[in-house]
S.K.: 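Before we start, here is the structure in question, set down as structure tokens.
First the proteins, then the strands, lettered A, B, ... as listed; each starts at 1. As the structure is a prediction and not an experimental result, all values here were calculated from the model.
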Amino acid sequence: MNQDFLKPYDHSQEEKIYHRWEGSGFFNPDKFLPRSLQKSKKDYFSIIMPPPNANGSLHVGHAVMIALEDILTRYFRLKGKRTLWLPGADHAGFETQVVFEKKLEKEGTSRFEILNQPQGKERLFQMIWDFTLNNKKHMEDQIRRLGASCDWSREKFTLDPEIVKIVYQTFEKLYKDGLIYKDKRMVNWCIKHQTTLSDLETKYEERKDSLYYIKYGPLTVATVRLETIFGDTALAVHPKDKRYQKFIGQELEVETLIGKRKIKVIADEIVDPHFGTGVVKVTPAHDPDDYEMWKRHKNEIAGPCQVIDQFGRLDLLRHFPGNKKAQKYHGLKISQAREIIANDMQSLGLIEKIDFDYKHNISLCYKCLTPLEPRILDQWFLDLSSPQAKKKLVLPALEAVKKGKIKIIPKFQEKIYFHWMKNIRDWNISRQIVWGIPIPVWYCQENEKNFVISQDQPNHCPFCKKCVMKKEEDVFDTWFSSGQWPFATLMAQKSKNGSDFKDFYPTSVMETGYDILFFWVARMIMLGLYVTGKVPFKVVYLHGLVRDKDKQKMSKSKGNVVDPLGVVEQYGADALRMALVVGNSPGQDVIYDENKIRGYRNFSNKLWNIARFVISSTESLLDQIISQKGNFWKNLSKLEKEDKKLLKEFQGIKKKVALEIEKFRFSQAAEIAYHYVWHRFADEIIEGKKKILSGDNEKERNSSALLLYFILYQSLIMLHPFMPFVTEAIYQRLPKKEKEFLMIEKW
RNA sequence: GGGCGUUUAGCUCAGUUGGUUAGAGCGCAUCGUUCACAUCGAUGAGGUCGCUGGUUCGAAUCCAGCAACGCCCACCA
């Protein structure tokens, strides 16, 4: 027997095994099964790895992703399909910049300090670039340690020039189809991060605030946002509210904090007569509803009057120059202002009453949890609400899932997808940050309404013919580029004469967490169909999130994150993978449990010992019972009757495991294989054969030896997708084997 | 305000079209190291399958209602 078949199993050899795999080139479908040898064009399996954000280390959630995708990849490779698993990394615009800004804060500086220096923007970009590339390298090594059999030669980064080029092409196509527009609209603004955010990047939280009942002449209005009163341009009531009929259309002369003013009363359906007093103040510059209301009453009332600046401070002098009373409030932060205003109004008798325990939802920046400030800004949008947008982007994406061209697992997530898609709104795709793909637009300096779409600076301005065109400062929302990931990564494979897209698109499966169904999956479906006319993937498998023992989401701030590398070092990647796969059903969260990992570490060792025993007790007989040339298992038909039964039983198990994998029931598949190998094969079959193997009935002995060796050999194949390392380690020590690596065996 | 998910042994979870005494892992109890493995083996204790009602010869499984927990979506000041 092999000299290093020591006990117990030592998982520290995992790293070496991975190097051998990677060095062999078999992760690359071109080496594993060149296109010329592929039986039919459809005989492929492809999966694009959701590119992890290159701004930190992987967490156990990523380990779930790697485990599940590697199971699929290794299984279909063993099945002999031309198999591609394409890895990547995401620059993760806003998220990465937030991480980097935190780092700067720790170092006692800030993004704004750097931006204020000469060449600040370029410098900051370069700093984040270096930071990201460093993290990316580290991440790739982590992915390797988890055993991912992905093709590194095809790895893509969202900022690779080939990817950016494709993103630009898509942008231009959308623009030409009238689906991209730039417009002043009310958007979510984070006063800390100084950028807009999409509707998905907001978080709602219930807060207890004071609801102030303030007097506007004869009317009383209930409001939380006292500080916006300076921006009020009207009052509104419900058109059918009997109490206020006589006021509708009237212009009231009222006393305010900063003097007398006139304010008009309008009627609008949106006003709920049962809330507060049934009268609302209309503040078009600082409330989305009010903004919409103003649009409906443009002819009657004044437009947005912005009294809060981009940093969340009162900005009054612009609107009320020379008003000494306004000066007092100018420059105050919102929370401060609210208190002072309340006091002043109370002493002027302008507050009727205050409800101190008013509970309501406010929207927050999902990263820093600062209340978002709605602002009217000129932003780029992807149209998702007009009839033509419905026709070209939304409906095809709905139909694809409805008609089963894309299957979402678990099925209940389809309902959630439909609901979101049906209520989808225009998507703000521009961000005021440096870390991202620049929006490829150049403006005429004479008139900024005129612009051209171009990656490089145009030689001359086609509008005024004389200016040097000015570059758009904003970058794309990260999801605008990752939303194109499946086709972009495959189209960008220029070294392979552009055939990857033909060979591997649509991809077979998209495996990711359910938390990014809207952020990512929905957008990939829309943009994939739009650009290629085909679905980007046939199946969406949504795994659950890993939580800690108290069912808490893992996060750095809670300090409950588990570093997968530490676990891998202690128990081996195989053990971690099994622990994360078993008991993990789609869409359902998994609880991280170290005991479970220990249990599967024990299983690695069990398997190792099974192999030691089977090899040592059959080795001397193998020459007689196994043929190295031609039909490797030719003597299988000569098995004893009893053994044939056991053989059949095993084949049934293996078939079941395959079926479960193909049905994406990984947990069941792993458990069936595990249970068979330990409790049937080891505990019963091997135990039962011990006497025969040491007995003197040669026929029975040969039959038993062949059976045990066969089941061991096949069990390695069966377990390999789940526990690639230990199975390969054993395979390499088999006295007789068919292939160079277990990973390229036949299922 | 809508919608979704979960509720099965002390813990974490399986249980795919309804069918014999409801399963696994961990944990627990007792016993066992010449004989592949103590990261092990053998044996065992432990469940009114959230509650109520219904369909059925038969329900953890289907239907209705309720409850608890969790999550998502939503422009009500």
S.K.: Of all the nucleotides listed (C76(B), A36(B), U39(B)), which has the minimum atom distance to the side chain of Pro8(A)?
M.R.: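 Given the options C76(B), A36(B), U39(B), the side chain of Pro8(A) is closest to U39(B).
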
S.K.: What's the closest nucleotide to the Phe412(A) side chain, out of A77(B), C13(B), C4(B)?
M.R.: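 The nucleotide sitting nearest to the side chain is C4(B).
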
S.K.: Hydrogens and angles aside, do Asp477(A) and Asn428(A) bring a side-chain donor and acceptor to less than 3.5 Å of each other?
M.R.: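 Looking only at side-chain atoms, Asn428(A) and Asp477(A) do not form any donor-acceptor pair under 3.5 Å.
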
S.K.: Has the side chain of Gln413(A) got a donor or acceptor atom that lies under 3.5 Å from a matching backbone atom of Leu542(A)?
M.R.: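 No; zero donor-acceptor contacts below 3.5 Å.
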
S.K.: Please work out which residues in residues 270-281 of chain A have a non-hydrogen atom less than 4.0 Å from an atom of RNA chain B and list them by number.
M.R.: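 Output list: Ile270(A), Val271(A), Asp272(A), Phe275(A), Val280(A).
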
S.K.: Considering only C73(B), G15(B), A36(B), which nucleotide approaches the side chain of Gln668(A) most closely?
M.R.: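 Of the candidates, G15(B) comes closest.
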
S.K.: It should be established whether Tyr358(A) places a side-chain nitrogen or oxygen under 4.0 Å from OP1 or OP2 of nucleotide A77(B).
M.R.: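 Checking Tyr358(A) against A77(B): at least one side-chain N or O falls below 4.0 Å of OP1 or OP2.
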
S.K.: Side chain of Lys606(A) only, heavy atoms from C-beta on: which candidate in C4(B), G41(B), C75(B) is closest?
M.R.: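 So the nucleotide nearest the side chain must be G41(B).
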
S.K.: Which one, A14(B), U39(B), A36(B), comes nearest to the side chain of Arg601(A)?
M.R.: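 Of A14(B), U39(B), A36(B), U39(B) is nearest to the side chain of Arg601(A).
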
S.K.: For Tyr713(A) and Tyr709(A), take the angle between the two ring planes, folded into 0 to 90°, and tell me which bin it lands in: parallel under 30, tilted 30 to 60, perpendicular over 60.
M.R.: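 The rings of Tyr713(A) and Tyr709(A) sit tilted, inter-plane angle from 30° to 60°.
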
S.K.: Looking only at side-chain atoms of Asn605(A), point me to the closest of C37(B), C72(B), A77(B).
M.R.: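 Looking only at side-chain atoms, Asn605(A) lies closest to C37(B).
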
S.K.: With distance as the sole criterion, do the side chain of Arg598(A) and the base of U39(B) form a donor-acceptor contact below 3.5 Å?
M.R.: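 Check fails, no donor-acceptor contact within cut-off.
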
S.K.: Would you please say whether a donor-acceptor pair under 3.5 Å links the side chains of Thr228(A) and Lys281(A)?
M.R.: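 A donor-acceptor contact under 3.5 Å links the two side chains.
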
